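Computed from a prediction, not measured in an experiment: that's the story for all the values here. Heavy-atom basis, side chains included; hydrogens, waters and symmetry copies ignored. Below, chain A is the first sequence line, B the second, and so on; all start at residue 1.
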2 protein chains.
Amino acid sequence: MKWDALEEEPCSLARTVAVIGDRWSLLILRECFLRIRRFDDFQASLGITRHLLADRLKKLVRFGVLRKIPYQEAPKRYEYILTQKGLDLYPIIMSIVHWGNIHMVDARGRPLLHEHKSCGKMFDPVMVCSECGEPLSAKHVHVHPGPGARRSSPVHASARERTKRAAEQG
Amino acid sequence: MKWDALEEEPCSLARTVAVIGDRWSLLILRECFLRIRRFDDFQASLGITRHLLADRLKKLVRFGVLRKIPYQEAPKRYEYILTQKGLDLYPIIMSIVHWGNIHMVDARGRPLLHEHKSCGKMFDPVMVCSECGEPLSAKHVHVHPGPGARRSSPVHASARERTKRAAEQG
DNA sequence: ACCATAAGTTCTATTTTAGAACTGTCAATA
DNA sequence: TATTGACAGTTCTAAAATAGAACTTATGGT
């Protein structure tokens with residue numbers, strides 16, 4: 001599968017992975033949320049090669065996640081700032097950071113703590129249902145095909161189904 | 001930067017990216033949450049090459065996200081199922097799907113709808129503060145160094161700071 | 001004239017991925 | 001007995017992506 005093919009998949013996860021599913025894009029976005037805006041600052045704090053950084057910034061601009069804003073005329077210089085579409089990535093970033101906090105920290109503890117200015121406390125992010133407000137777990141969610149589902153998708157026989165069928169016939 | 005170096009970074013995001021930050025891992029995990037468990041089923045539904053699939057499954061097992069469970073003795077066959085560590089990735093998956101639902105769908109609409117069995121309604125995931133329950137946005141969060149922060153990190157002068165300093169001196 | 005800042009671009013070497021074919025084990029079938 | 005098919009990989013070569021360093025362009029300061 002080619003990289004570009006992901007954007008066309010009838011799957012919201014695949015399409016998002018087309019935007020952020022590589023080594024560097026998420027790290028660049030982390031820096032954006034930490035108020036980094038300029039080419040050399042991204043490069044210095046990430047250690048990414050300049051080539052890749054230029055490429056990724058271009059991609060994120062193309063997807064409308066970042067916007068180039070001029071801050072100097074001669075020579076023309078730009079800052080990269082998050083659009084609303086980019087700001088909306090915050091729950092993804094936070095859920096990734098939270099999983100790392102729980103499952104990937106070493107003995108020294110968390111690298112960062114997060115304070116919610118609204119209530120003044122250190123917090124963890126919690127994902128809840130928009131309708132009833134209860135915390136979500138995979139077990140309590142059922143998936144339905146939506147209007148954009150793949151047309152006429154005859155449920156492809158799985159290896160397990162084939163095994164079962166063979167066992168029943170034998 | 002090498003792939004393995006990410007795991008060592010004092011950053012929960014970088015360490016999580018070391019696990020899920022490539023083209024395929026998130027798509028494999030999507031299939032896991034949709035109850036796919038076997039090699040050939042992953043291969044058929046994703047179109048991933050068998051080589052890469054074997055490699056990624058090995059990696060996810062090594063990180064403790066998936067576990068191999070034998071389901072047949074002769075010949076020995078295994079299913080790949082999510083561990084608790086893997087199930088905890090659900091908020092990441094859901095926030096990615098939700099962003100795609102909002103920002104990446106075409107005219108036909110969402111490929112999938114999600115029903116919360118607990119309350120019976122179609123829902124969207126919402127990320128809230130664990131302490132006050134209010135929805136989170138980047139604007140209302142302040143970041144502090146935690147116990148695992150990079151030791152003696154003298155805040156690296158950014159390009160902007162250098163520019164400002166030069167301007168003040170000039 | 002010389003150096004520094006800033007944001008890239010270009011180059012080669014290395015690593016990763018795509019795509020297809022091949023291997024090994026066992027069960028059922030002809 | 002020989003053949004076929006299921007299943008989970010491994011091996012191979014060609015193509016693509018990435019790393020790492022040097023180079024370019026435009027400008028301002030000493």
[N] [atom2] sits how many Å from [X] [atom1], rounded?
X	N	atom1	atom2	result
B:Leu53	D:dG9	CG	C1'	9 Å
A:Gln43	C:dA7	CD	C1'	11 Å
B:Glu73	D:dA6	CD	C1'	17 Å
B:His51	D:dT10	NE2	P	9 Å
B:Arg37	D:dC7	CZ	P	15 Å
A:Leu6	C:dA18	CG	C1'	14 Å
A:Asp41	C:dG8	CG	C1'	15 Å
A:Gln72	D:dA26	CD	P	14 Å

At under 4.0 Å, does any side-chain N or O of [X] touch on OP1 or OP2 of [N]?
X	N	result
B:Trp24	C:dT16	no
B:Arg56	C:dT17	yes
A:Tyr71	C:dA7	yes
B:Lys58	D:dT10	yes

Any N/O donor-acceptor pair, A:Arg77 side-chain to C:dA7 base, under 3.5 Å: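 In this structure, the two groups form no donor-acceptor pair.
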
field: 5′-ward residue of the pair A:Arg23/A:Arg50 relative to DNA chain C
entry: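 Looking at DNA chain C, the more 5' nearest nucleotide goes with A:Arg50.
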
task: Please lay out, stage by stage, how B:His114 and B:His116 fare under the test ring-ring contact (aromatic ring centres under 6.0 Å, His included).
output: CA-CA 7 Å; B:His114 296 268; B:His116 193 209; over 10 Å; no

With a 4.0 Å cut-off, would you call [X] and [Y] a salt bridge?
X	Y	answer
B:Arg15	A:Asp106	yes
B:Asp124	B:Arg110	yes
A:Lys121	B:Glu131	no

message: Is it true that B:His98 and B:Ser95 share a donor-acceptor pair across their side chains at a distance under 3.5 Å?
response: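 No - no donor-acceptor pair under 3.5 Å links their side chains.
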
Which nucleotide, [options], lies nearest any side-chain atom of [X]?
X	options	result
A:Pro75	D:dA26, D:dT10, C:dG8	D:dA26
B:Lys68	D:dT18, C:dA6, D:dG9	D:dG9
A:Arg38	C:dT25, C:dT9, C:dA7	C:dA7

message: Over all strands shown, is A:Tyr80 touching base, sugar-phosphate only, or nothing at heavy-atom distances under 4.0 angstrom?
response: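 Contact class for A:Tyr80: sugar-phosphate only.
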
query: Where each residue is assigned the nucleotide of DNA chain D containing its nearest heavy atom, which of A:Gly47 and A:Ala74 is assigned the position nearer the 5′ end?
result: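 Result of the comparison: A:Gly47.
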
